[in-house]
Amino acid sequence: MGTVNIDVAYVAHLARLKVTQEEVEAFGGQLDGVLRHIEALTRLDLAGIEPTAHAAPIHNVFRADQPRPSIPPSEALSNAPLAANDLFITPKIVE
Amino acid sequence: MNLALEPISTLRARLRGREICPRDILAAIRERVEELNLALNAYVHHDWDAAMAEADRADLSLPLGGIPVAIKDVISVRGQPCTCGSRILQGHVALYDATVIGNLRRSGAIPVGRLNMDEFAMGSSNENSFYGPCRNPWDTSRAPGGSSGGSAAAVAAGLAVAALGSDTGGSIRQPAAFCGCVGLKPTYGRVSRYGLVAFASSLDQIGPLTRTVEDAAIVLGAISGHDPADCTSVDTGVPDFAASLGGGVRGLRFGVPKEYFIPGMDPAVERAVRAAIDHLAHEGAEIVEISLPHTEHAIASYYIIAPAEASSNLARFDGVRYGHRAKDATDVIDCYAKTRQQGFGKEVKRRILLGTYVLSSGYYDAYYLRAQKVRTLMRRDFERAFETCDAILTPTAPSPAFKLGEKLDDPISMYLGDVFTIAVNMAGICGISLPCGFTGGAGARLPIGLQIIGKPFDEATILRVAHHYEQTTPWHRERPPL
Amino acid sequence: MSPMKTDYEPVIGLEVHCQVRTRSKMFCGCRTQFGEAPNALTCPVCLGHPGVLPVPNREAIVRTIQTGLLLSCDIDEFCKFDRKNYFYPDMPKNYQISQYDMPLCRGGGVTLDRFSFPKDAQDSPCAAARKRVRLTRIHLEEDVAKSTHFETTSGIDFNRAGTPLMEIVTEADIASPEEAFAFLTALRLMLVQAGVSDADMEKGQLRCDCNVSVRPRGQRAFGTKCEIKNMNSISGVRRALAYEIERQIEVLGAGGRITQETRRWDDGIGQTSTMRSKEEVHDYRYFPDPDLMPIKTSDGLLDEARTRLIELPIDRADRYTRAFEVTEYDASVLASDLDMALYFERASSGASNPKGIANYLLNDLLSALTSSGKVIADCPVRPEALRDLVSLIDGGKINSKQAKEVFKEMFETGAAPADIVKSRGLEQVSDTGAIEALARQAIDAHPGPAQDFLDGKASALNFLTGQVMKLSKGKANPKLASDIIERLLRSR
Ligand SMILES: [Mg+2]
Ligand SMILES: [Zn+2]
C-alpha cells in the first residue's frame, strides 16, 4: 500500500479554503490516513457493476412551466452581509 | 406528573380532555430547559414567546395538535435561525419552512427551538459544533453521539417531547443509542429533504427521535409523504404507522448478519444485543444467520460519497448572500477563502478537502464512481438478505457513549464507529435504534442500542418489532440520573 | 515582411448559449423576465439558500429536445444533470447544474444557406457551397446572475440566475468569420421560428464564445487557439473573428507564438485583448447531481417534442423555388419570416401564378406594411384578396397601373379587388368591336404615323396605341389595342 500524499494546497485552493502551513501538514497527514483506508476499494473487482446514484429507481421528475411569486428584494437581501441599491455587494470581481 | 416526560399519546388524551392546554406542555419543557440546558447544551436557540403564541392557535383535533416538536439546527424554519452548528451561518435567519415543518404544522405540532449538532451534520459526537459540545445526559463527561446529539440528549433528558434529526450515516440512530432513546432513519425518499441543509444529498434523510416507539410512529406519520419540491421524494402511500403497532413478532423472521459482530466491539454491547435477539426469539420470532458480505467496504465508500457531495453542497457558503463574511479580504477570491477559513470548523474542512480531492481531475473514476458501484453491491446484499428475512437485527454502534475529546483528533477511529449504521444509508433503506440494555460495572450506566433494519418503505414492520420489544422489556422506562 | 493572409487558414468553433423560451426559471417558479428591478425575480431556490432543492422545468427539456430534432441531433434514451463545480460570485450555489457526459442532444448540424451570409459575401463561392457545420452537442443548463462593477466593489442581481440555457457546441468546422456569421444567422432564425427561443441578442438571450486558431494552409494539425468570450451580436462576432485571425497571422508571420488564452472583444475600438492570460486551472469536478433524477427521453418527452417540429427555413425556401418557381432570393426572404411564409402559402394555394404573388407580396405589400408600420400578421389585405388581385392582372382585366390603385384601396379598406374594380369602373375594355372602332378613329386622325409604321418604324405603333388608350380613357386593354391597330394597318 503506497502513500497517497494529497496535495492539500491545490485541493484547498479548488475548495476556496485558506489553509495555514500547519493545517496543510495536519490535514495532509489525516487525509492520507483516510485515503489509505479507502484504498481497499480500488482493489475490488467491480467489472460489470452499475453505479448506484439514487436509492430509488425513478426518472423524469419535473415541474410544469408555471410561474410562482418571487420574494420581495428586501427579503432576498435580508441576510446579505452587504447590500446596496437592491444589489448584493461583494469586493470587486476581477475577471 | 411532569408533562415534559410524558409520551405523545398521554399528552394528546389530556389535551383533548381539556385537562391541560398546549401552553402547559411548553411551560414544563421550558422549565426543564432552564434547569438543565446549561449542563447539557442541547438547545442552541429557542423563542418561547413565539412557540407559546403558536401553541394558543393549535388545533387540538389534529394528530399532533398542541404537541411541541424540537428541531435540529439543520432544518429550515421560517423566521428562525438556521446555523447548522456553524460559524459560517451565524446570524442567518431562514426565509422559508422546510416541507417537514409545513407537514408538522399541518398536523397541529409546534416546531420549537434549535437543537445542537455537529457542524453541518458532520460528526458522531456533537463535538464539532460552533456552540460547543452537547453532553450525554447519562454522563455529562461523555458524548451524546452525533450528529443529532442535541436532539437525542433533549429527548432523553425530557427537554423535548420529541425531536427531528437528520441521518446521513447514522446521525439519528447512533445518538439515540448513546442517549437511550428511539431514533428512526426512514427509507430514502420517504420524507422530503426540502429545507434540510444538505450534507450528502443521496444519503440524507430526516427522521424522529422520541422516547417511545409509538411516538416515533406518530411523528414519522406526520412528516412523511411525497413532496413535489424534492425530486428524490418517492410517491408512495404513507401507512398509518401508529395503527400498525401491536402486531407482535410471532411468525416474523429476523436476520442476524455475521459481519456485524466484530472483534473489538464492546462486550457489553454484544451481550445486550445478543440478549435482545434471544428475547425476540423467545417472543416467537425465527432467527436466521445472514451475510452482508460487502459490509467491510461500507465505511470506505461512505467516506468517498458523503464528502464528495458535501464538498459541492457546502460551496454555497461563501459570504455573498448570507452568513459570515471575512472582513479583511482584498478581493473576491480572497474573501471566499478567508470567509470559509473562518467560518468552517476542522472536521468540515477535512471533509471538504477529502471530497474535493476525490472528485478532482483524474480521480473521479478511481474513487467516486467505484464507491457508487460498491453501493450497488451493498444494496444487493440487503436485497438478497431480505429474501430470507423480514428485518435485520444488529447493534447500533460498536460501543456505548465515549468520553468527550476521546476521539477528537483521530478521525479514522471516529469514522469506524459508524460501521453498523452507514450501510443502511448507502442502501437507502430504513432503520430504527432503541434501548436494549445498559452497561454494568463501575461508573455510569450507559444505554446500549439495538438496530432493526427494514426493507425499503417498510418502516411499519421495524416499528412493529421495535414496539413489541419495547413493551416486553423494561429499558424504555429508565431515565437519565439528572 | 508581413505574412500573406492567404498562407494561413482559420479554424473556428462556436459555443452558443441560448435562453430557452419558458415562463419560469429552470429549477424554480420565478418568472424569466427582462428588465425587472434588481433581485425582484428571486426566491430561496435561485438564491441558493441553505436546504433548497431544484425541480427541473419540463418545458425547457422538451424545447431542448425539440431543438435537437430540428438540427438532426441524436437524442439518447437516458440523459442526466451533473454539477459543474467552480466558485464565482454570480453563481448562487458555486456550482452550475449542467450536463456533462449525457447531454440531451448529440451530433447534428446546421446548413449554411447563401442568404445567411453577410450581404457583401453572398456572391462568394463559399456562400454558394451550402456547407454543413456539424454540432458536437446541445445541453441544458442554468444561467448565472448579472454583476455590475463599481470602483472597489461589484453588485450582483440574481434575476437572471437560473434561467434555462441551451448550450449549442459546434465542431471546429467553421472556416471564416463570414461562415460564423452565416451559422449564427441561420441558427437564430431556426430557434426563433421553432419558438424554442426568442434569441433576442440585445437582451442577452443569445451569447456566443468563439474558439479560433489559424494554421498554415494545408497543415492538418490545429494551431493554438484563443477563446473570445461572451459575444452578443452576430456582426460583432464577424468583426472580432476577422480581427483575431489577422492578429494571430501577424504574430505567427513575425515568427511569434500564440499563447492559449481567453480574450475579450471591444466593439468600440475594434480589437480583442487579453482577459485571462494565465489560465486558472479548470477542475470542474463534475458529478451527477444527486438532487435530480435521470431523464428518460422515450418516456413522453421525445414524442411531445416531435409534435412540435417545423419545416426548417432552408427547406421551406428550397420548396418555394422548386414548387413555385420563385427566385432563390425571394424564396429565402419569404421563408425567413414564418408569418410571411404562411401568408404566401395561403395566397398561392390554387393560384396559377405564385411567382407573380411572391413579387407583389415582396414589393408592393411589404413596402405598404413598412410605411404604415404594420407587420404581416395584421395585414389588412387577406391572402386570398392578394391572389385575386394578381389574377385580375394576369387575366388582363386591369393593367398594372390600375392594379396599384386597386391595391392601395385594398390596403386601406380591406375591400375585395373585384369590388373595387367594379365600383371604380376600372374594368379594362377587351371588347374587340369597341376597340376596333377607336383604332380606326386613331388611324384616320394620324395618317403620318400610320404610314411610318408600314415603312418599318415600329415605335409608331406605340404612338397609335397610346391614342387608342386616350380615346378609351385608359380602359382599353393596351395589348389588345396594339394587336388590332397592327392588323388594321397591315390589312390595308
Ligand atoms: Mg456552459
Ligand atoms: Zn427562484
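Letters go in sequence order (proteins before strands), and every chain restarts at 1. Worth knowing before you read on, the calculation uses all heavy atoms, side chains too, and leaves out hydrogens, waters and symmetry mates.
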Item to complete: Would you mind checking which part of L292(C) comes under 4.5 Å of any heavy atom in chain A, side chain (CB onward), backbone (N, CA, C, O), both or neither?
Response: backbone
Worksheet item: For L77(A), is it the side chain, the backbone, both or neither that has a heavy atom under 4.5 Å from a heavy atom of chain C?
Response: side chain
Discussion item. Counting heavy-atom pairs under 4.5 Å with chain C, which one of S74(A), P69(A), A15(A) comes out on top?
Written reply: A15(A)
Response to the item:
Turns out that what part of T152(C) lies under 4.5 Å from chain A's heavy atoms comes down to backbone
Worksheet, complete the sentence: K92(A) and F150(C) have their tightest heavy-atom pair at NZ-O, 2.8 Å
Practice prompt. Identify the two heavy atoms, one from A76(A) and one from L47(C), that lie closest to each other, and give their separation to 0.1 Å.
Written response: CB-CD1, 3.6 Å
Discussion item. Strictly distance-based, threshold 3.5 Å: is any side-chain N or O of T153(C) a donor or acceptor partner for the main-chain N or O of I89(A)?
Written reply: no
Worksheet item: Pick from G155(C), P290(C), C43(C), P56(C): which one has the most heavy-atom pairs with chain A under 4.5 Å?
Response: P56(C)
Worksheet entry | Full working for side-chain contact (heavy atoms from CB on, under 4.5 Å) between N79(A) and H49(C) | CA-CA 10 Å; N79(A) 280 297; H49(C) 265 248; 4.0 Å; yes
Practice prompt. Determine yes or no for a side-chain-to-main-chain donor-acceptor pair under 3.5 angstrom, with D65(A) supplying the side chain and S24(C) the backbone.
Written response: yes
Discussion item. Treating N60(A) as the side-chain partner and K296(C) as the backbone partner, does any N or O pair qualify as donor plus acceptor under 3.5 Å?
Written reply: yes
Worksheet item: Donor-acceptor pair, H59(A) side chain versus T297(C) backbone, under 3.5 Å?
Response: no
Worksheet item: Given the options A145(C), A37(C), G300(C), C28(C), which has more heavy-atom pairs under 4.5 Å with chain A than any of the others?
Response: C28(C)
